[in-house]
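The next block holds one structure in the form of structure tokens; read it before the comments.
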Amino acid sequence: MNNEKICIGCGAKLQDENISLEGYTSNIENDICSRCFRMKNYGEYQIIAKSNEEYIEILKEVDKTKDLVLYIVDSLNFGEDITSIREYISNNIILVLNKRDVLPKSVKDNKLKEYLKNFNLDFKDIIVVSCHKNYNIDELMAMIKKYKSSRNVYVVGNTNVGKSSLINKLIKNYSEYEGELTISPMPSTTLNKISIKLSDDLTIIDTPGLVNRGNIINYVDNSLLKKINPRKEIKPKTYQIKVGQCLVIGDLFRIDYVEGEKNSFTLYVSNDLKVKRYNMNKCTLLKDKPKTSYEIGYHKDLVIDGLGFIKIVSKALVDVYVDINVNVFEREALI
Ligand SMILES: Nc1nc2c(ncn2[C@@H]2O[C@H](COP(=O)(O)OP(=O)(O)OP(=O)(O)O)[C@@H](O)[C@H]2O)c(=O)[nH]1
Ligand SMILES: [Mg+2]
């Protein structure tokens with residue numbers, strides 16, 4: 001039987017006809033689909049590939065509304081492309097830098113905000129939050145009230161940045177609503193728009209994330225995902241490094257120091273990932289992966305999308321070995 005009821009976890013239309021399609025449930029009376037049930041109760045993940053066309057269609061609808069938008073970005077993983085949201089929507093935007101808890105406490109919020117302002121963002125405001133630590137959520141709520149122009153507020157951003165986690169926090173802190181959105185470390189957890197009425201004058205709308213094909217989480221198996229996604233404050237690892245040495249991060253990423261002065265590489269990646277240093281000519285690890293060379297300027301970060309970043313102090317020529325699809329890019333040093 002098909003009906004109009006949607007899964008309160010992921011937004012898919014509930015159906016009891018095809019087990020391999022989204023929204024399947026054995027009992028149409030249920031509030032959540034089997035996929036959400038298994039994610040919530042057993043931590044079993046089933047990836048559903050979403051096309052970004054659907055995401056863009058949703059953004060086009062958002063654009064028509066002129067409602068306030070919360071644009072969520074992952075602290076560990078952003079570059080200048082955060083401005084690309086403007087290609088799709090002209091709404092008022094609050095930029096929400098989430099997962100603040102994974103960056104070292106010594107980095108001040110103001111420094112992060114100043115850094116973001118260098119991108120010439122055309123946003124109403126910027127706020128740094130952590131859903132896990134319930135950090136700055138009241139401040140975010142105050143901002144929402146200040147800038148919203150209607151009842152509806154949309155939450156958008158790349159997949160896995162914590163959109164649904166943030167809405168769950170808002171539900172918990174400010175509403176009587178009993179349901180909970182499904183969250184997971186996998187990409188494309190939320191499958192369709194979900195409206196949650198927090199109060200008579202505030203409805204918050206979750207959306208599926210844009211799948212960022214350059215993110216390493218698309219290319220590792222489930223068991224590794226938990227290791228890659230840092231759950232605690234990152235303890236940076238600094239290596240005084242010389243030409244001829246290489247660093248290998250968790251069998252996923254390798255960086256060879258090919259040319260430059262004595263240098264310092266500081267790694268900001270999950271504490272659960274092992275990092276090893278080798279003589280690059282004797283090390284064969286990850287040599288089967290494609291190699292890309294980067295000429296790095298002074299005081300830059302090399303960002304490995306989804307994994308973290310390496311702060312490189314002096315000019316350097318490096319060779320990087322990683323899965324071909326993973327986006328690796330340079331930016332001004334964040335820290
Ligand atoms: N460390 C940390 N992890 C977070 C935080 N917020 C969310 N996460 C984690 O990020 C992952 C993704 O969270 P979701 O809320 O499912 O992200 P989403 O943006 O809704 O993802 P999609 O629905 O796939 O687009 C989960 O593993 C969360 O536990 C945070 O404040 N700190
Ligand atoms: Mg979600």
Side-chain angles (χ1 to χ4, degrees), residues 6-12 22 32-33 35-36 39-40 43-52 54-56 58-59 69-78 85 96-105 109 112 127-137 139-140 154-173 179-196 204-213 215-218 220 222-235 268-272 306-308:
I6 68 158
C7 166
I8 63 166
C10 68
E22 63 185 60
I32 60 170
C33 68
R35 173 174 172 263
C36 282
M39 280 198 262
K40 279 184 174 172
E44 262 175 42
Y45 306 114
Q46 183 195 348
I47 298 196
I48 292 194
K50 292 298 274 186
S51 88
N52 281 337
E54 287 174 55
Y55 170 82
I56 289 164
I58 290 178
L59 286 185
V69 167
L70 307 184
Y71 176 39
I72 319 296
V73 172
D74 188 328
S75 294
L76 201 56
N77 203 29
F78 64 87
I85 188 76
V96 182
L97 194 65
N98 184 32
K99 309 195 188 180
R100 199 265 168 263
D101 54 297
V102 303
L103 290 180
K105 287 201 188 71
D109 287 4
L112 297 171
I127 186 162
V128 182
V129 307
S130 162
C131 299
H132 279 191
K133 299 279 180 206
N134 204 25
Y135 173 71
N136 268 353
I137 305 296
E139 288 72 6
L140 173 62
Y154 284 86
V155 179
V156 308
N158 281 357
T159 180
N160 236 29
V161 295
K163 299 178 294 299
S164 305
S165 302
L166 176 69
I167 298 177
N168 279 345
K169 265 281 157 280
L170 298 177
I171 292 174
K172 193 158 170 263
N173 295 0
E180 201 183 32
L181 300 169
T182 306
I183 64 163
S184 88
M186 305 289 287
S188 297
T189 305
T190 306
L191 298 175
N192 215 332
K193 279 194 308 187
I194 311 174
S195 295
I196 309 271
I204 200 118
I205 302 155
D206 195 8
T207 64
L210 177 72
V211 180
N212 170 7
R213 299 268 166 237
N215 193 308
I216 203 165
I217 59 172
N218 297 298
V220 298
N222 294 1
S223 55
L224 254 180
L225 268 179
K226 288 201 175 140
K227 266 194 174 177
I228 289 179
N229 268 326
R231 274 161 296 163
K232 289 201 182 126
E233 181 182 335
I234 287 175
K235 295 194 186 80
Y268 294 85
V269 296
S270 165
N271 302 333
D272 298 338
L307 192 67

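Both ligands and their constituent atoms are indexed starting at 1 by order of listing.
- The distance criterion of under 3.5 Å between nitrogen or oxygen atoms is met by Lys99 with respect to ligand 1.
- The shortest N or O to N or O distance between Ile183 and ligand 1 is not under 3.5 Å.
- When each of Val96, Leu97, Ile127 is tested with Asn136 by the rule side-chain contact (heavy atoms from CB on, under 4.5 Å), just one qualifies, namely Ile127.
- Here is the list of ligand 1 atoms found below 4.0 Å of a heavy atom in Val102: 1 (N).
- Considering both main-chain and side-chain atoms, Pro187 never comes within under 3.5 Å of ligand 1 through any nitrogen or oxygen pair.
- Here Thr190 contributes OG1 and Ser164 contributes OG, and at the Mg ion (ligand 2) these two atoms make an angle of 90°, given to 10°.
- Heavy-atom contacts of Pro185 reach the following atoms of ligand 1: 27 (O) (cutoff under 4.0 Å).
- For ligand 1 and Ser130, the ligand atoms under 4.0 Å from any heavy atom of the residue are 31 (O).
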Worksheet item: Going through the checks in order, is the salt bridge (charged side-chain N to carboxylate O under 4.0 Å, His left out) test met by Lys226 and Asp272?
Response: CA-CA 9 Å; Lys226 288 201 175 140; Asp272 298 338; over 6 Å; no
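- With sequence neighbours excluded, no residue forms a side chain to side chain donor-acceptor pair (under 3.5 Å) with Asn98.
- For atom 26 (C) of ligand 1, the closest non-hydrogen atom of the protein is Ser184 O, 3.5 Å.
- Considering only non-hydrogen atoms, atom 21 (O) of ligand 1 lies nearest to Asn160 out of Asn160, Val155, Val211.
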Worksheet entry | Steps toward side chain to side chain contact (heavy atoms under 4.5 Å, CB included) verdict (Ile171, Glu180) | CA-CA 8 Å; Ile171 292 174; Glu180 201 183 32; over 6 Å; no
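- Residue-ligand proximity, Gly209 to ligand 1, at heavy-atom distances under 4.0 Å covers atoms 25 (O).
- Counting heavy atoms of neighbouring residues, nucleotides and ligands inside a 6.0 Å radius, atom NZ of Lys227 does not exceed 12 of them.
- Inclusion of Asn229 in the set of residues having an N or O under 3.5 Å from an N or O of ligand 1 is not warranted.
- The protein non-hydrogen atom at the shortest distance from atom 22 (P) of ligand 1 is Thr159 OG1, 3.5 Å.
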Practice prompt. Apply side chain to side chain contact (heavy atoms under 4.5 Å, CB included) to Leu76 and Lys99, showing your working.
Written response: CA-CA 8 Å; Leu76 201 56; Lys99 309 195 188 180; over 6 Å; no
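- Panel note: side chain Ser130, backbone Arg100; no donor-acceptor pair is recorded below 3.5 Å.
- Scanning the protein for heavy atoms near atom 17 (O) of ligand 1, the closest one is Gly162 N, 3.1 Å.
- Among protein heavy atoms, the minimum distance from atom 25 (O) of ligand 1 is reached at Lys163 NZ, 2.8 Å.
- When each atom of ligand 1 is checked for a heavy atom of Pro230 under 4.0 Å away, the hits are 1 (N).
- Checking only distances, Ser164 does come within under 3.5 Å of ligand 1, N or O to N or O.
- The closest protein non-hydrogen atom to atom 4 (C) of ligand 1 is His132 NE2, 3.3 Å.
- In this structure, atom 1 (N) of ligand 1 lies nearest to the protein heavy atom Asp101 OD2, 2.9 Å.
- Heavy-atom minimum distance, Lys163 versus Gly209: NZ-CA, 3.5 Å.
- Residue, atom and distance of the protein heavy atom nearest to atom 15 (O) of ligand 1 are Ser165 OG, 2.6 Å.
- No donor-acceptor contact under 3.5 angstrom links the side chains of Thr182 and Thr189, judged on distance only.
- Checking Thr182 against the Mg ion (ligand 2), every N/O/S atom stays at or beyond the 2.8 Å cut-off.
- Among the backbone and side-chain atoms of Thr189, no N/O/S atom is found under 2.8 Å from the Mg ion (ligand 2).
- No heavy atom of Gly157 sits closer than 4.0 Å to any atom of ligand 1.
- For the pairing with Ile204, the side-chain contact (heavy atoms from CB on, under 4.5 Å) check across Val155, Leu166, Ile194 returns one residue only, Val155.
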Item to complete: Please test Leu103 against Leu112 for side chain to side chain contact (heavy atoms under 4.5 Å, CB included), starting from the C-alpha separation and ending with a verdict.
Response: CA-CA 10 Å; Leu103 290 180; Leu112 297 171; 3.9 Å; yes
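- In this model, a donor atom of one side chain and an acceptor atom of the other lie less than 3.5 Å apart for Asn173 and Asn134.
- Counting heavy atoms from C-beta outward, Ile205 and Ile196 have side chains that stay 4.5 Å or more apart.
- Less than 4.0 angstrom separates some heavy atom of Ser188 from each of these atoms of ligand 1: 24 (O).
- At the top of the distance list for atom 6 (N) of ligand 1, counting protein heavy atoms only, stands Asn98 ND2, 3.2 Å.
- With respect to the salt-bridge test (charged N to carboxylate O, under 4.0 angstrom), the residues Lys105 and Glu233 qualify.
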